[in-house]
Amino acid sequence: MTLSDTLSIAGILISVLFGVWGIYLSLRRAKYPASLTFVREQTVALLDDFATRIPNLSVLYKDTPVDKSVVLLSGYLVNDGNVDITPQMTERPLSCELPGSCSWLEFRLTGAAEALSATGNIKSPQTLELNFGLFRRDEAFSFQALALVG
């Protein structure tokens, strides 16, 4: 066997492997066409990162001193699937749950696609509910949230 024959066989094997991998990815994506991805931009522990460095500094939230750790979470949610997500496709609204010792303080949408009507409501101290109408593919919305960490 010459070097040319060996390289030809290796090229064919690599082509077959990439072909099988492509078919697998196509079938997998067809099986799960809807996909949401959460991208965390920044998480800042406000009390730990800033207040402990300066003596005699206190942090207030709605005129009440905060003695636990307050975390600012910034991120966005992207529909990176192949299909638009309609309200009829979801059994219940998307919710974000915190453990029992933590609670949501504030939630605010900071940006969204023009046609997307997304809202976020704090339903209980540990539950944040995200509602959106038609969430088209490749659309996203960004948000900021304050959470009290026990």
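All residue numbers in this chain count up from 1 along the given sequence.
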Minimum heavy-atom distance between [X] and [Y], given as atom pair plus value:
{"X": "L98", "Y": "S103", "result": "CD1-C, 3.6 Å"}
{"X": "G133", "Y": "P87", "result": "O-CD, 3.7 Å"}
{"X": "G120", "Y": "L128", "result": "C-CD1, 4.5 Å"}
{"X": "Q126", "Y": "C102", "result": "NE2-O, 3.1 Å"}
{"X": "A115", "Y": "E139", "result": "CB-OE2, 4.2 Å"}

- For F18, look at atom CZ and say whether over 12 heavy atoms of other residues, nucleotides or ligands are found less than 6.0 Å away. no

Separation of [Y] [atom2] from [X] [atom1] (nearest 0.5 Å):
{"X": "L146", "Y": "R108", "atom1": "CG", "atom2": "CZ", "answer": "10.0 Å"}
{"X": "L73", "Y": "T43", "atom1": "CG", "atom2": "OG1", "answer": "4.5 Å"}
{"X": "R136", "Y": "L116", "atom1": "CZ", "atom2": "CG", "answer": "9.5 Å"}
{"X": "F132", "Y": "L36", "atom1": "CZ", "atom2": "CG", "answer": "5.5 Å"}
{"X": "L7", "Y": "L3", "atom1": "CG", "atom2": "CG", "answer": "4.5 Å"}
{"X": "T90", "Y": "I85", "atom1": "OG1", "atom2": "CD1", "answer": "8.5 Å"}

Check whether [X] and [Y] end up in the same hydrophobic cluster, where Ile, Leu, Val, Met, Phe, Trp and Tyr are linked by side-chain heavy atoms less than 4.5 Å apart.
{"X": "L134", "Y": "L109", "answer": "no"}
{"X": "F38", "Y": "L130", "answer": "yes"}
{"X": "W104", "Y": "F107", "answer": "yes"}
{"X": "L94", "Y": "F143", "answer": "yes"}

- Q42 and Q144, any side-chain heavy atoms less than 4.5 Å apart: no

- Heavy-atom side-chain contact between T119 and E129 under 4.5 Å: no

- For E41, which residues count as a salt bridge (charged side-chain N to carboxylate O under 4.0 Å, His left out) partner, sequence neighbours excluded?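 Result, salt bridge (charged side-chain N to carboxylate O under 4.0 Å, His left out) vs E41: none returned.
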
- Task: Starting from the C-alpha separation in whole Å, work towards a yes-or-no answer on side chain to side chain donor-acceptor pair (under 3.5 Å) for T127 and S95.
- Result: CA-CA 7 Å; T127 305; S95 64; over 6 Å; no

- Query: Salt bridge or not for R137 and D84, using N-O below 4.0 Å?
  - Reply: no

- Is K123 paired with E97 through a side-chain N to carboxylate O contact shorter than 4.0 Å?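 No, E97 and K123 are not salt-bridged.
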
- Task: Establish, yes or no, whether a centroid distance under 6.0 Å links the rings of F141 and F135.
- Result: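 Centroid distance F141-F135: below 6.0 Å, so yes.
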
- Any donor and acceptor pair, going by atom type alone, linking the side chain of S142 with main-chain N or O of G111 inside 3.5 Å?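 Judged by distance alone, yes, a pair lies under 3.5 Å.
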
